[in-house]
J.: 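Could you have a look at this structure, given as structure tokens, before my questions?
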Amino acid sequence: MAIQKPEGTEDLLPVDERFYRHFVDTAARVFGRYGYEPIETPLFEQTELFVRGIGESTDVVGKEMFTAISGNNLKTLLDGGKIRSKSRLSLRPEGTAGVVRAIAQHGLAPQGGAPAKLMYAGPMFRAERPQKGRLREFHQVGVECIGADAPSIDAEGIIMLMRFYEEIGLPRENMRLLINSMGDEACRPAYRESVRSYIMEHASDMCEDCQRRADINPLRAFDCKEEGCSAIMANAPKIPDALCDSCKSHYEQVKAYLDAAGIEYIEDPTLVRGLDYYTRTVFEIQVDIEGMGSQSAIGGGGRYDGLMKEVSGKEAPGFGFAIGYERCKIALEAAGVEVASQKQTDLFIACVDDSTRAAGFMLAQQCRDAGLAVEIDHQNRSLKSQFKLADKLGAAKVAVLGPDEAANRQVSLRDMATHEQQPVAFDELVSAVRA
RNA sequence: GUGGAUAUGGCCUAGUUGGUUAGGGCGCCAGAUUGUGGCUCUGGAGGUCGAGAGUUCGAAUCUCUCUAUCCACCCCA
């Protein structure tokens with residue numbers, strides 16, 4: 001049996017790779033206008049980072065992390081031994097924790113200094129059952145801003161994200177921006193407790209999942225799709241009523257900035273993110289296009305003012321979001337947006353017979369050294385099929401090299417679009433192709 | 001983790017109640033006179049019908065097991 005790719009992974013083929021780079025480049029360009037600079041952190045971190053940062057009770061940490069382990073340590077574990085905590089490693093299930101760790105470790109957000117604004121792009125890993133828009137290895141582009149607690153940072157980030165979608169070509173009419181505030185450590189615990197006890201009161205009428213959620217993460221009950229549960233949760237205590245004054249004020253200001261920027265949004269008091277570190281502002285971008293599948297969230301994020309302390313022991317407010325690459329791609333394709341860019345071949349060198357192949361080879365090399373994308377036949381094809389190949393490669397020009405041309409140190413340069421063909425000296429070839 | 005579906009040459013697929021050399025389309029390769037592409041025409045190569053076992057005179061087709069993929073739940077981007 002041939003070996004296949006692991007479950008839930010995708011090969012980015014050349015055509016996919018071109019688009020992926022376009023996607024990342026577009027993000028870098030847009031985010032760069034807002035002061036975000038690229039960073040790359042390890043694909044794996046100490047497991048402890050994710051456990052503390054994302055939260056032990058979350059599904060992501062509780063059951064979806066891939067453990068990375070060396071062969072020796074695996075043996076030790078299988079033999080019933082223990083390994084040091086720094087050897088307990090996990091593939092990153094999301095990007096925020098690692099970036100925040102790096103910021104803390106390198107002092108990129110010194111106290112009182114300007115906020116650190118960083119962006120990342122790369123693969124994330126979650127051991128879920130794959131389906132449309134959900135892979136075990138998937139790609140995210142995201143940003144993190146550490147060190148500023150002003151609501152303008154939240155608004156700026158959300159606006160920036162919407163600008164990115166605009167630039168990549170997603171139709172605004174198919175997207176909706178949901179926002180909410182989850183409160184902070186001053187008001188969320190009490191609110192959380194009130195929801196928990198509300199669920200407990202109605203537990204007998206709710207699904208098993210929600211009863212389980214009551215203790216683990218009661219706010220997630222708002223997301224339940226069971227009709228009975230959503231009816232009950234409709235009357236549950238709402239976050240906006242429970243926010244403390246400073247959270248309320250922060251939320252109002254974020255909305256005011258968005259209003260001023262003309263960004264349309266939907267306030268959704270039931271929007272809760274599944275990662276524990278979120279505080280105050282949370283948001284999510286959903287798309288609604290035929291063929292999208294059931295994974296409609298293409299981006300999401302929010303404020304996480306407590307994460308830095310959890311990771312490094314030092315206080316620093318944070319804000320960030322992540323964009324799901326694969327889901328965006330599905331959305332773009334569903335919206336009929338052309339996403340693949342064409343391969344570029346400037347010149348194809350066609351050799352009429354074997355006597356000119358050596359000269360053709362050298363000529364191709366010289367043109368490449370001068371910066372042209374050049375292809376040449378390596379299968380001893382006939383001249384006719386070399387032309388077919390050139391056509392398939394999308395070559396703009398073909399240089400025909402036969403005994404006649406070679407004798408004069410020339411090629412017959414054909415423009416594939418206009419069909420015009422004229423003799424060009426070897427030395428003039430590069431400039432003639434560029435013309 | 002739970003549930004449903006699917007698995008036929010590089011890709012998409014036909015295959016009726018099990019019955020001769022598994023059919024088609026795309027793609028690929030080669031030709032259509034002398035050194036030239038995209039269209040058309042002609043010809044050609046390429047398949048142990050996901051793997052293994054079973055039923056049968058006979059299995060792509062029926063049964064079982066396994067594997068993989070897709071879709072949905074859950075959860076998240």
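Residue numbers start from 1 in every chain, and the chains themselves are labelled A, B, ... in the order their sequence lines are given, proteins ahead of strands.
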J.: Considering only heavy atoms and no angle criterion, is a donor-acceptor pair shorter than 3.5 Å present between the side chain of A:Gln4 and the base of B:U67?
T.: no
J.: A:Glu7 CD to B:A7 P: how many Å, rounded?
T.: 19 Å
J.: Would you classify A:Phe321 as touching base, sugar-phosphate or nothing, given that sugar-phosphate means primed atoms plus P, OP1 and OP2, and contacts are heavy atoms under 4.0 Å?
T.: nothing
J.: According to the Watson-Crick and G-U wobble definitions, with both distances under 3.5 Å, which nucleotide is paired to B:U6?
T.: B:A68
J.: I'd like to know if A:Arg129 reaches the base of B:C70 with its side chain such that a donor and an acceptor end up less than 3.5 angstrom apart.
T.: no
J.: Looking at A:Arg357 and A:Asp377, is any side-chain nitrogen of the basic one under 4.0 Å from a carboxylate oxygen of the acidic one?
T.: yes
J.: With sequence neighbours left out, write down each residue that passes side chain to side chain contact (heavy atoms under 4.5 Å, CB included) with A:Glu17, or none if nothing qualifies.
T.: A:Leu12, A:Tyr20, A:Arg21
J.: Name the pairs: protein N/O against N/O of nucleotides 26-30 of chain B, kept only if under 3.5 Å.
T.:
from, atom 1, to, atom 2, distance (Å)
B:C28, OP1, A:Lys392, NZ, 3.0
B:C29, OP1, A:Arg381, NH1, 2.9
B:C29, OP1, A:Arg381, NH2, 3.4
B:C29, OP2, A:Lys392, NZ, 3.4

J.: Rounding to a whole Å, what distance do you find between A:Asp353:CG and B:U36:P?
T.: 13 Å
J.: Write down the distance between CG (A:Leu161) and C1' (B:A77), rounded to a whole number of angstrom.
T.: 11 Å
J.: Just name whichever nucleotide pairs with B:G47, Watson-Crick or G-U, keeping both distances under 3.5 Å, else none.
T.: none
J.: How many whole angstroms separate atom CE of A:Met416 from atom C1' of B:U36?
T.: 8 Å
J.: Parallel, tilted or perpendicular: which describes the rings of A:Phe283 and A:Phe319, with under 30° parallel and over 60° perpendicular?
T.: parallel
J.: From the list B:C70, B:A72, B:G35, which nucleotide is the closest neighbour of the side chain of A:Gln131?
T.: B:A72
J.: Could you tell me whether the side chain of A:Glu405 has a donor or acceptor atom within less than 3.5 Å of a complementary atom in the base of B:G35?
T.: yes
J.: Here's one to test your reading of the geometry: is the NZ or CZ of A:Lys255 within 45 degrees of the ring axis of A:Tyr257 and under 6.0 Å from its centre?
T.: no
J.: Compare side-chain N and O positions of A:Ser294 against OP1 and OP2 of B:C71 and report whether any pair is under 4.0 Å apart.
T.: no
J.: If you measure from the ring centre of A:Tyr325 to the centre of the six-membered ring in the base of B:A77, is it under 5.5 Å, with the planes under 30° apart?
T.: no
J.: For B:G37, does the base pair up with any side-chain atom of A:Arg414 as donor and acceptor (N or O, under 3.5 Å, distance only)?
T.: yes
J.: A:Leu13 CG to B:C11 P: how many Å, rounded?
T.: 12 Å
J.: For A:Glu128 and B:A72, what is the distance between atoms CD and P respectively, to the nearest whole Å?
T.: 13 Å
J.: Hey, does A:Asp404 reach any base, or is it just sugar-phosphate, or nothing, if we go heavy atoms under 4.0 Å?
T.: base
J.: Please examine the side chains of A:Tyr198 and A:Pro218, heavy atoms only from C-beta on, and report whether any two atoms are closer than 4.5 Å.
T.: no
J.: To the side chain of A:Asp59, which of B:C75, B:G37, B:G35 is closest?
T.: B:C75
J.: Under 4.0 angstrom, heavy atoms only, what part of the nucleic acid is A:Gly301 near: base, sugar-phosphate, or nothing?
T.: nothing
J.: For A:His250, run the side chain to side chain contact (heavy atoms under 4.5 Å, CB included) check against A:Thr281, A:Thr279, A:Asp184 and tell me which one passes.
T.: A:Thr281
J.: Before accepting this row, confirm whether a basic side-chain N of the pair A:Glu156/A:Lys117 lies closer than 4.0 Å to the acidic partner's carboxylate O.
T.: yes
J.: Of all the choices, B:C73, B:G37, B:A77, which nucleotide is nearest to the side chain of A:Gln295 once you look at every atom?
T.: B:C73
J.: With distance as the sole criterion, do the side chain of A:Arg327 and the base of B:C76 form a donor-acceptor contact below 3.5 Å?
T.: yes
J.: Looking at residues 90-100 of chain A, who's got a heavy atom less than 4.0 Å off RNA chain B?
T.: none
J.: For a 4.5 angstrom cut-off between non-hydrogen side-chain atoms, does A:Glu128 reach A:Arg134?
T.: yes
J.: Which part of the nucleic acid, if any, lies within reach of A:Leu275 when heavy atoms closer than 4.0 Å are counted: base, sugar-phosphate only, or nothing?
T.: sugar-phosphate
J.: Starting from the 5' end of RNA chain B, give me the residue, A:Lys63 or A:Glu10, whose nearest nucleotide shows up first.
T.: A:Glu10
J.: Describe the nucleic acid contact of A:Ala390 in one word from base, sugar-phosphate, nothing, applying a heavy-atom distance below 4.0 Å.
T.: nothing
J.: Can you confirm whether the side chains of A:Glu137 and A:Thr9 place a donor and an acceptor under 3.5 Å from each other?
T.: no
J.: Nearest to the side chain of A:Lys132 - B:A72, B:U69, B:G37?
T.: B:A72
J.: So how far is it from A:Gln410 CD to A:Phe426 CZ, rounded to the nearest 0.5 Å?
T.: 8.5 Å
J.: Tell me what A:Glu64 touches on the nucleic acid: a base, only sugar-phosphate, or nothing, going by heavy atoms under 4.0 Å.
T.: sugar-phosphate
J.: Are the charged groups of A:Glu45 and A:Arg101 less than 4.0 angstrom apart, N to O?
T.: yes
J.: Given atom CD of A:Glu144 and atom P of B:A77, what is their separation to the nearest angstrom?
T.: 11 Å
J.: Give none if B:G1 has no partner; otherwise give the nucleotide forming a Watson-Crick or G-U wobble pair with it, both distances under 3.5 Å.
T.: B:C73
